[in-house]
Protein chains: 2
Amino acid sequence: MPYPSVLPRVAASNVISIRDLRARCATCSMRELCLPTGLDADAMRELDLLVTTRRRFKKGESVFRSGDRFVALYAIRSGSCKTTVLTEDGREQVSGYHMPGEMMGFDGIGSDLHRCQAVALEDTQVCEIPFDRLEALSRRLAPLQHNLHRLLSREIGSDENLLLVLGSMRAEERVAAFLLNLSSRYRQRGYSSTEFVLRMTRDEIGSYLGLKLETVSRLLSRFQAAGLIRVQRKTVKILDPHALKAMVNERE
Amino acid sequence: MPYPSVLPRVAASNVISIRDLRARCATCSMRELCLPTGLDADAMRELDLLVTTRRRFKKGESVFRSGDRFVALYAIRSGSCKTTVLTEDGREQVSGYHMPGEMMGFDGIGSDLHRCQAVALEDTQVCEIPFDRLEALSRRLAPLQHNLHRLLSREIGSDENLLLVLGSMRAEERVAAFLLNLSSRYRQRGYSSTEFVLRMTRDEIGSYLGLKLETVSRLLSRFQAAGLIRVQRKTVKILDPHALKAMVNERE
DNA sequence: CGACTAGTTGAGGCCAGTCAATGTTGGTGG
DNA sequence: CCACCAACATTGACTGGCCTCAACTAGTCG
């Protein structure tokens, strides 16, 4: 009721029927990475009652924009998104690259406004979780409350990790760290950790890493020449993960 | 009881008596920026029962270290701290500069281990808030729960703001943004926004901004030569805030 | 097929890093 | 009180890594 649907009635009933058939948290393949981690059946059912809206976004569409009123968190069910922060003068900085099981929108809690923007990098399904109802439910369910805190904390951890990359690494190390980060997150999700598709453009990767697109391109080429990876446009195959790790860790 | 004091009994009773006299949340000058924001008297009293430990740290002492078990959040009552993240090979990156009313330690919730280190930059008083008890209390007190979420979100926002600085600004802009950030946070706390003391060394400022100490020093000198600020070692006076703002915002 | 976007690669310049010398400040002990 | 020392800060000269500008190639879509 507090979240009136913009969709026509037919579409709404479609959404519900899809949900009943297969799009519930209880059967979501990402449940162990997302809010439901470790919840019992009852708790899971209650959580499922919150998540009534699941949306599909095509590549390039925005899940939320900077300045939008904050009403919900968004969990990626499939696909991927980037989040970007904007300067007052319009420069854009990619602050995150989000995969299935990850949540977006945390930055809006503090001010009731989203301060960043989330854009789908491919066709993407997103679960919308009304935040006031999530707060209410997590007051009753301690494990859910703790999961929410863990996810918030994880977001802080990944931001601080990126700070470390941007603040103290050279271009070569940044790109190596980026590839390794993707690799381990794909592994976590059951995908190949050695061969994957970069959903972002060179320009977006550059923005994420504080580099220019030419630098990213050059370094990927150089890694390939050195036999560390194989790149073909967006497809990357990691041939020598050990050498990449050495590149990130070793210094002085 | 679950948090045995390391202090001798006499010191412990000292701490308690100080608390009863004046060191309660209800009378803390930072309460409007910290957890108690907007709580009624009853809620405030309950929160006060959690915060039984307040510690003093001398300059250079650690509030918590990377790898410590996470049991509590830490609110700065007076003084200031830096938080640093460490790479596996021992490089250190300053990830935050914390003032009274700000909380530290959020990064530990996710993994039950602190992944960064907090060090006092001057004599500092810190309130220790046992996290499991805070979670329990915030299940009963919705406003407290929301405050906790706001603070977590605020931490994400400030990290992402720093990402923007590190990822997209030139050295000159970074230093200007840093000065303006300090200025507005001092104003929030009722201190002068135009004249303040930099508690960090040039090296620490450099680490925070992804620059070398010489670069920081040169830029402060250059700003002074241009009449934007006056610097004398750690003391800074902002003479032309408007020009500093223009430096951060304007670009193409 | 042409127009467009994304990516690669090269040449040259500049900003910030590196190395090094000197200055300043505050603390300690004679 | 002063001498001494260590830590912090400033400044200069030089270097080099990344950016800028630019040309070209490879896919993509109407």
Side-chain angles (χ1 to χ4, degrees), chain A residues 58-60 82 91-94 119 121-123 165-179 197-226 229-237 247 251-252, chain B residues 58-60 82 91-94 119-123 165-179 197-226 229-237 247-248 251-252:
Chain A
K58 290 196 193 305
K59 182 174 174 172
K82 66 171 178 178
R91 270 180 286 177
E92 175 177 307
Q93 157 86 17
V94 175
V119 176
L121 293 169
E122 58 192 304
D123 287 6
V165 170
L166 293 185
S168 72
M169 290 187 185
R170 300 184 306 106
E172 183 182 84
E173 302 172 296
R174 295 185 199 191
V175 175
F178 174 69
L179 293 174
V197 175
L198 301 171
R199 296 295 173 180
M200 296 199 282
T201 66
R202 300 290 188 267
D203 195 25
E204 289 163 334
I205 296 170
S207 170
Y208 185 61
L209 297 176
L211 302 169
K212 291 291 153 184
L213 75 161
E214 295 95 329
T215 305
V216 174
S217 178
R218 266 185 256 272
L219 285 167
L220 290 176
S221 299
R222 201 205 291 172
F223 287 177
Q224 174 161 260
I229 63 174
R230 252 179 56 76
V231 210
Q232 177 122 29
R233 281 184 78 76
K234 306 242 182 204
T235 307
V236 176
K237 179 161 193 166
M247 196 177 279
R251 195 164 155 77
E252 72 213 68
Chain B
K58 291 197 193 305
K59 182 173 174 175
K82 66 172 178 178
R91 270 179 286 177
E92 175 178 306
Q93 158 86 16
V94 175
V119 176
L121 293 169
E122 59 191 305
D123 287 6
V165 170
L166 294 185
S168 73
M169 291 186 184
R170 300 183 307 106
E172 182 181 84
E173 303 172 296
R174 295 185 198 191
V175 176
F178 173 69
L179 293 174
V197 174
L198 301 172
R199 295 296 174 178
M200 295 198 283
T201 65
R202 300 291 188 267
D203 195 26
E204 288 164 334
I205 296 170
S207 170
Y208 184 61
L209 297 176
L211 302 170
K212 290 291 154 185
L213 74 159
E214 295 94 330
T215 305
V216 175
S217 178
R218 266 185 256 272
L219 286 167
L220 290 176
S221 300
R222 201 206 291 171
F223 287 178
Q224 174 162 259
I229 62 174
R230 250 179 57 76
V231 210
Q232 176 123 27
R233 280 186 78 77
K234 306 243 181 204
T235 308
V236 176
K237 179 161 193 165
M247 196 177 280
V248 175
R251 196 165 156 77
E252 69 214 72

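Throughout, a chain's letter reflects where its sequence line sits, starting with A, and its residues are numbered from 1. Basis for what follows: all heavy atoms, side chains included, without hydrogens, waters or symmetry-related copies.
- For the segment residues 207-214 of chain A, residues with any heavy atom less than 4.0 angstrom from an atom of DNA chain D are, sorted by number, A/Gly210, A/Leu211, A/Lys212, A/Glu214.
- Under a 4.0 Å N-O distance rule, the pair B/Glu92/B/Lys82 qualifies as a salt bridge.
- Counting only distance, with no hydrogens or angles, the side chain of A/Ser207 and the backbone of A/Asp203 share no donor-acceptor pair below 3.5 Å.
- As a whole-Å value, the separation of A/Gln224 CD from C/dG7 C1' is 13 Å.
- Per the geometry, CD belonging to A/Glu122 stands 16 Å off P belonging to C/dA6, to the nearest Å.
- Atoms CZ (A/Arg202) and P (D/dG27) sit 13 Å apart, rounded to a whole Å.
- Between A/Glu172 and A/Leu219 the shortest heavy-atom distance is N-CD1, 3.8 Å.
- One finds a side-chain N or O of B/Thr215 lying less than 4.0 angstrom from the OP1 or OP2 phosphate oxygen of C/dG17.
- Nucleic acid contact for A/Ser217: base, since at least one base atom lies under 4.0 Å from a heavy atom of the residue.
- Nearest heavy atoms, B/Val248 versus B/Glu173: CG2-O, 3.8 Å.
- Relative to the side chain of B/Thr201, the nucleotides D/dC8, D/dG27, C/dA16 differ in distance, and D/dC8 lies closest.
- Spacing between atom CE of A/Met169 and atom P of C/dA16 amounts to 21 Å, rounded to whole angstrom units.
- Residue B/Leu219 contributes atom CG, which lies 12 Å from atom P of C/dC15 at whole-angstrom precision.
- Heavy-atom minimum distance, B/Ile229 versus B/Leu220: CD1-O, 3.7 Å.
- Map B/Val231 and A/Arg222 each onto its nearest nucleotide of DNA chain D; the residue landing nearer the 5' end is B/Val231.
- Rounded to a whole Å, the CE atom of B/Met200 is 17 Å from the C1' atom of D/dA7.
- Nearest heavy-atom pair, B/Val165 versus B/Ala177, reported as atom, atom and distance to 0.1 Å: CG2-CB, 4.4 Å.
- The side-chain heavy atoms of B/Leu211 and B/Val175, taken from C-beta on, include a pair separated by under 4.5 Å.
- Nearest nucleotide to the side chain of A/Arg218, out of D/dG27, D/dT20, C/dA16: D/dT20.
- For the OP1/OP2 pair of D/dG27 and a distance below 4.0 Å, the side-chain nitrogens and oxygens of A/Lys234 include no atom meeting the criterion.
- Atom CG of A/Leu198 and atom P of C/dA6 are 15 Å apart (whole Å).
- Between C/dG7, D/dA9, D/dC18, one nucleotide has an atom nearer to the side chain of A/Arg170 than all others, and that is D/dC18.
- From one end of the helix from C/dC1-D/dG30 to C/dG30-D/dC1 to the other, with five pairs defining each end axis, the axis direction shifts by 40° (rounded to 10°).
- Dashed line: the shortest gap from a side-chain N or O of A/Arg233 to OP1 or OP2 of C/dA6 is not under 4.0 Å.
- Of all heavy-atom pairs between A/Gly206 and A/Val216, the closest is CA-CG2, 3.6 Å.
- Taking CD from B/Glu214 and CZ from B/Arg202, the interatomic distance works out to 12.0 Å, rounded to the nearest 0.5 Å.
- Computed from coordinates, the A/Arg174 CZ to D/dC18 P distance equals 8 Å when rounded to whole Å.
- Looking at every heavy atom in both residues, B/Tyr208 comes nearest to B/Leu166 through O-CD2, 3.7 Å.
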